[in-house]
Amino acid sequence: MTETSTPRQNGSKGKRSTLLGAVFLMATSAIGPGFITQTTQFTIQLGAAFAFAILVSILVDIAVQLNVWRVIGVSGMRAQDLGNKVLPGLGYVMAALVVFGGLVFNIGNIAGTSLGLDALFGLDAKIGGTLSAVIAIGIFLSKRAGVAMDRIVVVLGIVMIALTAFVAFSSAPPVGQALVQAVWPSEVDFLAITTLIGGTVGGYITYAGAHRLVDAGVTGPDQITDVSRSSVVSLLVTGVMRLVLFLAVFGVVAGGVALSSANPTAEAFQHAAGEIGVRLFGMILWAASITSVVGAAYTSVSFLVTFSRSLEKARNWLVVAFVAISALVFVLLDQAPTTLLVLAGALNGLILPVGFGVLMFVAARRGDLLGGYRYPRWLLVVGAVAWLLTVYLGVNSVGGIAALWK
């Protein structure tokens, strides 16, 4: 993405704007249609005990992102470039996996925008998806695309959280019960925990915010405080959205309502806030989906542009093409391709331990790539534990690939 100037040139205000944009780019990339569906389904299944899964997943996600943002931020190199430094050719494999997964999931994100506009205005799915794709493309065609993207994801991120919080307040959930279950759960569902982790820091999402900072020039050991703080805040923003959505649905479920429709989130919002709840659901789903379209396109292309100067020059057009192809496939199929979504999800599960493993290796053994920066031992230990969990997630994701052959 072309930047007219870096935050260092613009002063502290420009830097704060970029940091905030990176925070919300990562957060809103994670908060997509799948995020909303997962949260609702697990809330229906686990009730108050889901609060524990949310808390644990946030802590693990922070451990992953603290390391990812720090290594990329200090080195000033994107993940795929570090991969090629560690093992020639590995960066190309990482890029291929991320771009494929990002493209397939972006078709699902376009589908999400169409469902959101349908709930909001009753708009035809193909028209809604196409219109949303045009809006996303318009952001990247603007003269200051980086600034436009930062502002859009921040505004829509705040709107999503505010509207969901309103519905949560309307559903009057038993908050005390949720707080107790968050630290002393009656049921621990490891599938829910691993699913949340994979959906929050899997695939392209892992690198969205960190790559944004590299593009904006917020890198080097002297930026470590801001980079680390931003990595934690990005996960807290995601966690807040997950929490208020959980409370919104939990309030309805705890009230004895059985959510049994094909769209339980919309049904829960309707029970909580009436007809306006359905409209709010539409706005939230559209905002979640359009920001994920932006995040997936931007981050996926960021894995390609460092491989040649010509790709870097054509960056914005590559992003436009990425969004356009996603929209075209959705319009032709009239839905997200289920089999490809399963495959992309499984590949995302594989890229997480590989990519994260590369970054942890750089942190532990390649101080030359970090400009002599001494990596904190405590963070290495935390990262190693988190990496083992990502390996577990990766092994489980292989089942998604195996299922496609049956």
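Excluded from the calculations below are hydrogen atoms, water molecules and symmetry mates; all remaining heavy atoms, backbone and side chain alike, are included. Quick caveat: nothing in here was measured; it's all calculated off a predicted structure.
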- [ ] Could you tell me if the ring centre of Y92 sits under 6.0 Å from that of F307?
- [x] yes

To the nearest 0.5 Å, how far apart are [atom1] in [X] and [atom2] in [Y]?
| X | Y | atom1 | atom2 | answer |
| --- | --- | --- | --- | --- |
| I54 | T238 | CD1 | OG1 | 12.0 Å |
| L82 | L369 | CG | CG | 6.0 Å |
| F121 | W286 | CZ | CH2 | 9.0 Å |
| L285 | F35 | CG | CZ | 12.5 Å |
| R151 | S17 | CZ | OG | 6.0 Å |

Open item on the list: Looking at R212 and D215, is any side-chain nitrogen of the basic one under 4.0 Å from a carboxylate oxygen of the acidic one?
Closed with: no

Open item on the list: Between the side chains of D124 and K126, is the shortest nitrogen-to-carboxylate-oxygen separation below 4.0 Å, so that they form an ion pair?
Closed with: no

Do the non-hydrogen side-chain atoms of [X] and [Y] ever get within less than 4.5 Å of each other?
| X | Y | value |
| --- | --- | --- |
| Q41 | P264 | yes |
| L141 | W317 | yes |
| F24 | V155 | no |
| K15 | L19 | yes |

Please answer whether the main-chain N or O of [Y] pairs with a side-chain N or O of [X] as donor and acceptor at a distance below 3.5 Å.
| X | Y | result |
| --- | --- | --- |
| S29 | A208 | no |
| D118 | A125 | no |
| T219 | G76 | no |
| S231 | S228 | yes |

Donor-acceptor pair between [X] and [Y] side chains, under 3.5 angstrom:
| X | Y | answer |
| --- | --- | --- |
| R242 | T200 | yes |
| S230 | W69 | no |
| T306 | D81 | yes |

TODO: For L59, look at atom CG and say whether over 12 heavy atoms of other residues, nucleotides or ligands are found less than 6.0 Å away.
DONE: yes

TODO: Test the R78-F303 pair against the cation-pi criterion, namely NZ or CZ under 6.0 angstrom from the six-membered ring centroid and within 45° of the ring axis.
DONE: no

- [ ] Let me see the working for T40 and T265 under side chain to side chain donor-acceptor pair (under 3.5 Å), right down to the final yes or no.
- [x] CA-CA 6 Å; T40 301; T265 313; 2.6 Å; yes

Task: Contacts of type ring pair (Phe, Tyr, Trp, His ring centres under 6.0 Å), residue Y373, not counting sequence neighbours - done: none

